[in-house]
Protein chains: 2
Amino acid sequence: MHGLTKKAEAPPWAPFEDRRRARDEKRDAVLRMAVQMFLDEGYHRTTLNEVAARLNITKPALYNYFRSKEDILIECYRLGQDMFEANIAAIERESGDGLDKLRRLIRAYAQVMMTDFGMCLVRLDDRELSTEARAGVRKAKRTYDAAFRTAIAQGVADGSIAPRDPKLATLVITGSLNWIGQWYRPDGELSAAALADEFALRLTEGLAARKSRSRNAERGAR
Amino acid sequence: MHGLTKKAEAPPWAPFEDRRRARDEKRDAVLRMAVQMFLDEGYHRTTLNEVAARLNITKPALYNYFRSKEDILIECYRLGQDMFEANIAAIERESGDGLDKLRRLIRAYAQVMMTDFGMCLVRLDDRELSTEARAGVRKAKRTYDAAFRTAIAQGVADGSIAPRDPKLATLVITGSLNWIGQWYRPDGELSAAALADEFALRLTEGLAARKSRSRNAERGAR
DNA sequence: TTCATATATTACCCATTGGTCATAAAATGT
DNA sequence: ACATTTTATGACCAATGGGTAATATATGAA
């Protein structure tokens, strides 16, 4: 019996890993509490003392996980951005005509907008952020807009969407979607999925290109 | 020559009136400056010192015209509300089917949303207000929503709009309109009127009831 | 001129709040 | 048991900004 391997099962990093995980969990708890309070009361009316109190700790303890109040806000934005980006990127990879893609974009975007971190991006004022952080957030927002614009442009090109200015059409659609973050409450009558479907339906019911004989002939001809 | 009426033309109240007008003009100037700064920088990041400085006065001078910072904010909301109410009430008085009325509502609402005081209602956080003031603002907002809902319900009833839930349809439409306040800049390519027309077109192009033979027969039959 | 009123200023108060520091208390490793 | 690191705390600092009081200045009336 070598003294070396008395109980070789548990890897020696386990405690470290445990600790790191416990730390991350606490960090996440701070973030979840903070985002809720930011959304409920507004960023600047939410004090770090209150956030800490609701977590049964005191303010300086927060500084073990975040460097500043703005740092907390930045992380909220980042979590929201990650959700949008993951969903949008997945849809852009899929196949389908422009109209289909647009419908999927609407559904996905609407659903993310009904989550706490998702609505961060439209409910919280990014002017609270430093110039650099704000630039990052705005750049991210522009990429989401671009996804809608290209889907619409593609739809107009492939004949699935009746001709229109993709930029204006995007303003109409994303406005409606962004505003969801202002009124959605999880305790409403309709589920998030049902609402997302409704928005996908209503925001595209006027877009489909008429399947006129001439257009069909045109498409069949090439 | 009576000493009494040496120059009887100018009414004796003129100076008073002049003074009152001058006062009102200054008050309005404060309001216009304040609303711009509130929109530019956000309410709580706009200090009364800065507002005063931009008007070439000092902070305490503002207190000749307003009782508090919140009082200024309340007046901004009120001016915006007045614009919405005047427009909406006028349209509700007009005749036309539900779809027509909805289109006119959209155009009018969009145009007010492109003014400083109009966008107040969606860009500024009414949680800055006292409970009573906030209740007033929210009540006003609900009446605008109600105008859209009734127009849509009327349209569904009179056959000009294809059947749908008026409440959800209103959320879709007013969301798009409210979001205008977040991106509109008066120096854009399109005029406010052109944008309003575009929104009226795009937000209703999918609503019109199909004029199917059976429906026409139905309508003709009663 | 003189008085009254409206309007403006300077200087100040004070409540709030993000953030820091020295230190204590747990938790972890040996 | 002991040493070390992590995590938490109480006390405090400093800046910000809304609001006020005492006072000065301009304006119109008598």
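Reminder, nothing fancy here: chain letters follow the sequence lines and each chain counts from 1. Being a predicted model, the structure only gives us computed values, none of them experimental.
- At whole-Å resolution of the value, CG in Asp24(B) and C1' in dA6(C) are 14 Å apart.
- A distance of 11.5 Å separates OG1 of Thr174(B) from CD of Gln182(A), quoted to the nearest 0.5 Å.
- Using a cutoff of 4.0 Å between basic side-chain nitrogens and carboxylate oxygens, Lys141(A) and Asp145(A) are not scored as salt-bridged.
- Of all heavy-atom pairs spanning Gly96(B) and Lys101(B), the tightest one is O-CE, 4.2 Å.
- Within residues 56-76 of chain A, the residues that place at least one heavy atom under 4.0 Å from DNA chain C are, in residue-number order, Lys59(A), Pro60(A), Tyr63(A), Ser68(A), Lys69(A).
- In this structure, His44(B) and His44(A) have parallel ring planes: the angle between them is below the 30° cut-off, well short of the 60° mark.
- Distance, Arg21(B) CZ to dA6(C) P: 18 Å, rounded to whole Å.
- Checking the phosphate oxygens (OP1, OP2) of dT6(D), no side-chain nitrogen or oxygen of Arg23(A) falls inside 4.0 Å.
- Less than 4.0 Å separates DNA chain C from at least one heavy atom of each of the following residues of residues 25-49 of chain A: Thr46(A), Thr47(A), Leu48(A).
- For Thr170(B) and Arg149(B), the side-chain atoms include no donor-acceptor pair closer than 3.5 Å.
- For Arg104(B) and Glu94(B), the salt-bridge test passes: some basic side-chain N is under 4.0 Å from an acidic carboxylate O.
- Asp71(A) and Tyr65(A) share no side-chain donor-acceptor pair at under 3.5 Å.
- Between Arg138(B) and Asp126(B) there is a salt bridge, with a side-chain nitrogen of the basic residue lying less than 4.0 Å from a carboxylate oxygen of the acidic one.
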